Amino acid sequence: MNILGIETSCDETAVAVVGDDGGRPAIRANLVQSQLAEHAPYGGIVPEIAARAHLDHLGRLIAAALAAATLGFDALDGIAAAAGPGLIGGLVVGTMAAKGIAWAANKPFAAVNHLEAHALTARLTDAVEFPYLLLLVSGGHSQLLACTGVSAYRQLGTTLDDAAGEAFDKSAKLLGLPYPGGPAIAEEARRGDPRRFALPRPMLGREGCDFSFSGLKTAVREIATALDPGDAAAGADLAAAVELAICDCLIDRTARAVRWFRERYPQGASLVAAGGVAANTRLRARLAALAADAGLAFVAPPPALCTDNGAMIAWAGLERLRLGLADPLDAPVHPRWPLDPGAPSPKPPR
Ligand code: KG4
Ligand code: ZN
């Protein structure tokens, strides 16, 4: 099978072709056009600019991805696009392009959940078998999920406020570092002493597997505004403290989920990390240690497949289409689209 995948849910326009050669997945093309420069003057993502930029870049990227894969539309077995969750303008641009190709080339269409695409990436890169425990940490989401099959996810925890990536991004802004904040903080932290500034670890040791990061952001703001501008090491020290605090929170919550998962799914063999924050080297090292202690394999896709990309959409489309899960050409987009619609709302600490 060869599937074209289109990702336009946020601020990356990404197109990929993923195939399977006798059951072994192959990424035949994977192109990402970042919109950082378009949004930089505004200090955040402007939805209308994102939608227009997707429109500007998408046609060229689709042609380039097919050329890199040396395939024409006729050779495709399906077209997949992220249909949510995300910014509605971008979702409309990507899904309409995919539907147009699917209609013109008479191929099946897959409306892919962007979160499911992150969740399934470890099956593209490492052939991970269900069930597995997933820490999904990105700019918009922080979730722990038991993944038991395509379309079958049970949410064990989510964030009460900011996502982990948002905590990195907002802290970076307070430190005068560029967007995206995660890589900027990780780089700055390399030269810093994480123990100089004491930051809170919201939810640490609490029941359940929910996260909270807004208290951390407030503490970072207080420390950042009181910093002595002549203190050359302070920025790196605070960046290191932020990275450590976020990792401590993620590890504490994941450790609880691991205990639950091992009881509930004794046959489950893997702890998987996905989403942009899973590109973080220190987080990956600590998750690997946590998994090893629990007798689980740790799997995280290479960093370029943790952050938003087209290959994950194409792969999720492939997984769905080979199960016969095609979508009609009038399938809607979903700006909100939880993986586990039955999950209870997160419980604030008492
Ligand atoms: O999955 P993603 O590319 O987009 C969303 O679906 O949100 O995740 C982007 C997020 C941003 O918040 C970014 O700061 C964070 O992932 N991120 C990182 C790293 N690389 C990207 N956070 C920590 N360390 C990194 N190395
Ligand atoms: Zn994402």
Side-chain angles (χ1 to χ4, degrees), residues 5-14 16 30 32-36 39 43-45 47 50 81-87 90-91 94 112-122 134-143 145 158-159 162-175 177-190 192 211 213 216-217 239-251 272-287 300-313 315-316 335-339:
I6 297 176
E7 159 58 37
T8 55
S9 68
C10 193
D11 61 340
E12 328 267 7
T13 316
N30 190 24
V32 183
Q33 167 80 51
S34 162
Q35 300 178 2
L36 281 179
H39 299 285
I45 298 165
L87 300 172
L91 294 171
V112 167
N113 182 315
H114 177 95
L115 301 174
E116 177 165 54
H118 277 304
L120 296 176
T121 305
L134 172 71
L135 172 67
L136 173 45
V137 270
S138 70
H141 300 272
S142 293
Q143 300 177 358
L145 297 146
T158 186
T159 183
D162 293 345
E166 226 174 332
F168 273 111
D169 295 337
K170 290 178 176 172
S171 300
K173 207 167 181 179
L174 293 167
L175 283 165
L177 296 171
Y179 178 88
I185 287 198
E187 178 59 31
E188 191 72 8
R190 281 156 40 126
F211 305 90
F213 294 104
L216 176 65
K217 179 184 61 195
V242 168
E243 188 182 45
L244 183 64
I246 294 174
C247 287
D248 282 352
C249 296
L250 294 174
I251 293 294
V272 170
V277 179
N280 187 277
T281 314
R282 285 177 196 80
L283 177 63
R284 291 165 84 100
R286 291 185 59 188
L287 288 169
L305 295 178
C306 285
T307 50
D308 289 349
N309 64 86
M312 69 181 195
I313 305 296
W315 172 252
R336 277 182 47 77
W337 193 1
L339 276 183

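Whatever order the structure lists ligands and atoms in, that order sets their numbers, starting from 1. Everything quoted here is computed from the prediction, not taken from an experiment.
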Enquirer: Let me confirm one number: the OG1-CD distance from T159 to E166, rounded to the nearest 0.5 Å.
Expert: 8.0 Å
Enquirer: About how many Å separate SG of C10 and CD of Q35, when rounded to the nearest 0.5 Å?
Expert: 8.5 Å
Enquirer: Nearest 0.5 Å, please: how far is CG in N280 from SG in C306?
Expert: 10.0 Å
Enquirer: First locate atom NE2 of H118, then atom CG of L134, and finally report the distance between them rounded to the nearest 0.5 Å.
Expert: 10.0 Å
Enquirer: Rounded to the nearest 0.5 Å, what's the gap from CD1 on I185 to CG on D169? Could you check?
Expert: 8.0 Å
Enquirer: Under 2.8 Å from the Zn ion (ligand 2), is there any N, O or S atom belonging to H114?
Expert: yes
Enquirer: Name the residues with a heavy atom less than 4.0 Å from ligand 1?
Expert: H114, H118, S138, G139, G140, G165, F168, D169, P180, G181, G182, P183, G275, G276, V277, A279, N280, C306, T307, D308
Enquirer: If you round to 10 degrees, what value do you get for the angle at the Zn ion (ligand 2) between D308 atom OD1 and H118 atom NE2?
Expert: 100°
Enquirer: Can you sort out the partners of K217 under salt bridge (Lys or Arg N to Asp or Glu O under 4.0 Å), two or more places apart, ordered by chain and number?
Expert: D162
Enquirer: Hey, could you give me the CG/CD distance between L175 and E188, rounded to the nearest 0.5 Å?
Expert: 7.5 Å
